[in-house]
Amino acid sequence: MKLFVDTGNVKEIEALAAIGILDGVTTNPSLMAKESGDYRQILKQICQIVKGPVSGEVVATDAAGMIREGRDLASIDEHMVVKVPFTREGVKACKTLAGEGLRVNVTLIFSATQAWLAAKVGASYVSPFVGRLDDIGATGMNLIREIVDIFDNYEFGTEVLVASVRHPIHVIEAARMGADIVTCPPAVIEQCFKHPLTDIGLEKFLKDWEKAQAAKV
Ligand code: E4P
């Protein structure tokens, strides 16, 4: 399962890329709004760091506007993926942009039928939001299971990108279900690294080693 980070922050992306665990980046208008500077330049910089798929989202709500913005986003760098919301207009825009050979990530997916319709029009990625479903008392991960099952029955080239991830259990379940990609906020990636027994174990190893060295002197 590929790991994307869900942020528009260059420093956070640099730090994760330096470890060697990052396959791509997702952004959205809320995330980009937190960053200062020109969004096109920030996206370009992110592409150069990650050298993998970087989703930039359109803000137009009509298909013509999404297509125009999508072409512009794609022109920033070869790694850019155009993110469009799942609406009738978004699906229409996806059909056109994918037909032109651009990669499209259809976002704000909350049902399996939405994922299926996006796949039908050539989306490269669908982004089902698990955390936001959990927030309203549904079980977000059930949606991932449904979409993975459906896509496994056909020849769609669409990857399942698990989004709105809130904690490592989402990551584990996504991997067990065979999702293609998980996009996590940096804090969740940090949680995936952490285990108190690793810290305690390392501290003990080093102390024991030091004690043994001191005894030899
Ligand atoms: C996905 O691409 C979205 O940017 C993101 O995962 C939304 O997550 P949120 O529900 O934490 O805002």
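A quick note: this is a predicted structure, and the numbers were derived from the prediction, not measured. Basis for what follows: all heavy atoms, side chains included, without hydrogens, waters or symmetry-related copies. In each ligand, atom 1 is the first atom listed, and ligand 1 is the first ligand listed. One-based numbering along the sequence shown.
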query = What is the minimum heavy-atom distance between Pro85 and Val106, and which atoms define it?
reply = C-CG1, 4.4 Å
task = May I ask you to check whether Thr107 has an N/O atom sitting below 3.5 Å from an N/O atom of ligand 1?
result = no
Atom indices of ligand 1 within 4.0 angstrom of Lys83 heavy atoms, with elements = 1 (C), 2 (O), 3 (C), 4 (O)
query = Between the main-chain N or O of Leu3 and the side-chain N or O of Asp23, is there a donor-acceptor pair closer than 3.5 Å?
reply = yes
ask   = How far is atom 12 (O) of ligand 1 from its nearest protein heavy atom, and which residue and atom name does that atom have?
value = Arg132 NH2, 2.7 Å
task = Classify the angle between the aromatic ring planes of His170 and His167 as parallel (below 30°), tilted (30 to 60°) or perpendicular (above 60°).
result = parallel
remark   = Note: ligand 1 atoms sitting under 4.0 Å from heavy atoms of Thr26 are 2 (O)
key: With Ser55, the side chain to side chain donor-acceptor pair (under 3.5 Å) member among Thr26, Thr183, Asn105, Thr107   = Asn105
message = Would you say Glu35 and Asn9 are linked by a side-chain donor-acceptor pair, where the criterion is simply a distance under 3.5 Å?
response = yes
ask   = So which protein heavy atom does atom 7 (C) of ligand 1 come closest to, and at what separation?
value = Phe129 CE2, 3.6 Å
message = Return the closest protein heavy atom for atom 5 (C) of ligand 1 as residue, atom name and distance.
response = Asp6 OD2, 2.8 Å
request  = Give the atoms of ligand 1, by number and element, whose distance to some non-hydrogen atom of Ala163 is under 4.0 Å.
outcome  = 1 (C), 6 (O)
query = Take atom CZ in Arg166; do more than 12 heavy atoms of anything else shown fall under 6.0 Å from it?
reply = yes
ask   = Between Asn28 and ligand 1, does any nitrogen or oxygen pair lie at a separation below 3.5 Å?
value = yes
query = Using 4.0 Å as the upper bound for N to carboxylate O, is an ion pair formed by Lys204 and Asp208?
reply = yes
task = Could you tell me if any non-hydrogen atom of Arg166 lies under 4.0 Å from any atom of ligand 1?
result = yes
key: Proximal candidate to atom 6 (O) of ligand 1 [heavy atom criterion; set Pro185, Pro128, Gly8, Ser164]   = Ser164
